[in-house]
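Both ligands and their constituent atoms are indexed starting at 1 by order of listing.
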Amino acid sequence: MPTYDDQNIFAKILRGEIPCFKVYEDAETLCFMDINPRTDGHCLVIPKTPCRNMLDASPAQLAACMRTVNKVSTACMQAFGADGISLMQFNEAAGGQEVFHLHFHIHPRHDGVPLRAPGQPGDMGAIKGHAEAINAALS
Ligand code: AMP
């Protein structure tokens with residue numbers, strides 16, 4: 001497996017070199033909005049320490065991410081009046097991964113509403129509002 005490249009876009013977000021719509025952070029993880037949202041509230045949970053994906057992640061990195069996934073998903077259920085959550089995670093290019101820093105996609109879901117196509121830029125004002133709604137449900 002290739003080694004971790006610290007020039008990936010999520011590493012740049014962690015270093016504050018590019019902006020994000022932050023939803024939540026703790027000592028070990030960061031959650032921010034996906035800018036190409038496949039659902040309203042589509043957000044990403046990442047560890048603050050480097051690893052490419054689930055295959056090279058430590059048990060501690062995975063546990064920390066799952067704690068944050070659980071917390072943010074619960075908030076998303078409330079914030080969006082969701083009926084469920086889809087949790088997605090891809091490993092290496094063959095597995096559908098495009099950004100090589102471990103991340104978990106959280107998708108609030110509503111009965112009968114399909115995911116939107118991938119790679120479609122969202123409305124930045126709407127995404128900001130969704131981040132604020134999740135953040136409010138967390139507090
Ligand atoms: P994947 O690696 O296939 O799990 O997908 C990477 C995800 O990162 C995609 O859903 C992109 O829309 C998302 N993404 C890429 N660049 C950014 C960014 N600067 N801020 C937030 N999300 C991003």
Side-chain angles (χ1 to χ4, degrees):
M1 199 165 86
T3 54
Y4 183 81
D5 175 3
D6 70 3
Q7 294 307 304
N8 75 75
I9 198 140
F10 295 168
K12 291 180 180 178
I13 287 175
L14 282 168
R15 291 194 295 267
E17 293 169 9
I18 63 167
C20 70
F21 293 109
K22 186 165 81 175
V23 171
Y24 171 83
E25 79 176 310
D26 60 20
E28 296 157 298
T29 65
L30 174 68
C31 177
F32 57 95
M33 303 306 291
D34 196 302
I35 54 170
N36 303 307
R38 301 191 63 190
T39 56
D40 288 354
H42 178 183
C43 56
L44 303 167
V45 173
I46 67 173
K48 287 186 172 177
T49 48
C51 59
R52 279 175 71 84
N53 53 46
M54 179 268 295
L55 298 169
D56 64 338
S58 69
Q61 286 172 313
L62 293 169
C65 285
M66 276 303 117
R67 279 192 291 274
T68 298
V69 163
N70 174 261
K71 192 176 294 206
V72 173
S73 296
T74 303
C76 282
M77 290 293 286
Q78 182 186 326
F80 299 98
D83 299 310
I85 298 288
S86 296
L87 181 63
M88 296 185 181
Q89 195 277 316
F90 307 111
N91 300 281
E92 297 301 326
Q97 186 176 14
E98 293 179 352
V99 177
F100 296 97
H101 181 111
L102 173 65
H103 54 280
F104 294 84
H105 296 256
I106 296 174
H107 293 286
R109 302 299 300 272
H110 293 88
D111 289 334
V113 179
L115 292 174
R116 295 191 283 266
Q120 313 286 323
D123 177 271
M124 291 297 154
I127 293 172
K128 180 170 183 283
H130 294 152
E132 290 166 354
I134 303 168
N135 192 261
L138 281 164
S139 27

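Nearest protein neighbour of atom 22 (N) of ligand 1, counting heavy atoms only, is I35 N, 3.5 Å. Nearest protein neighbour of atom 13 (C) of ligand 1, counting heavy atoms only, is D34 OD2, 3.3 Å. The closest protein non-hydrogen atom to atom 16 (N) of ligand 1 is I9 CG2, 4.0 Å. Counting only heavy atoms of the protein, atom 8 (O) of ligand 1 lies nearest to F10 CZ, 3.4 Å. Protein heavy atom in closest approach to atom 3 (O) of ligand 1: G96 O, 2.8 Å.
Checked against a 6.0 Å centroid threshold, the rings of H130 and F80 count as neighbours. Taking the centre of each ring, F32 and F10 come in below the 6.0 Å mark.
Within the set I127, I46, V99, the minimum heavy-atom distance to atom 15 (C) of ligand 1 is found for V99. In the candidate list E98, H103, Q97, H103 is nearest to atom 4 (O) of ligand 1, counting heavy atoms.
Contact between R38 and ligand 1 is absent, with no heavy atom of the residue lying under 4.0 Å from the ligand. Ligand 1 is never approached by C20 to a heavy-atom distance shorter than 4.0 Å.
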For this session: For H101 and T49, run side chain to side chain contact (heavy atoms under 4.5 Å, CB included): C-alpha distance rounded to whole Å, both residues' side-chain angles, the deciding distance at 0.1 Å, then the answer.
Result: CA-CA 9 Å; H101 181 111; T49 48; over 6 Å; no

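Only the side chain of F32 comes within 4.0 Å of ligand 1, judged by heavy-atom distances.
Residue-to-ligand polar distances keep L44 apart from ligand 1: every N/O pair is separated by 3.5 Å or more.
Scored by the side chain to side chain donor-acceptor pair (under 3.5 Å) test, H42 finds D34, H105 as partners (sequence neighbours excluded). Judged as a side chain to side chain donor-acceptor pair (under 3.5 Å), and not counting sequence neighbours, Q7 has no contacts.
Electrostatic pairing of R116 and D40 counts as a salt bridge here, judged by a charged N lying under 4.0 Å from a carboxylate O.
Atom NZ of K128 has 12 or fewer heavy atoms from other residues, nucleotides or ligands within 6.0 Å.
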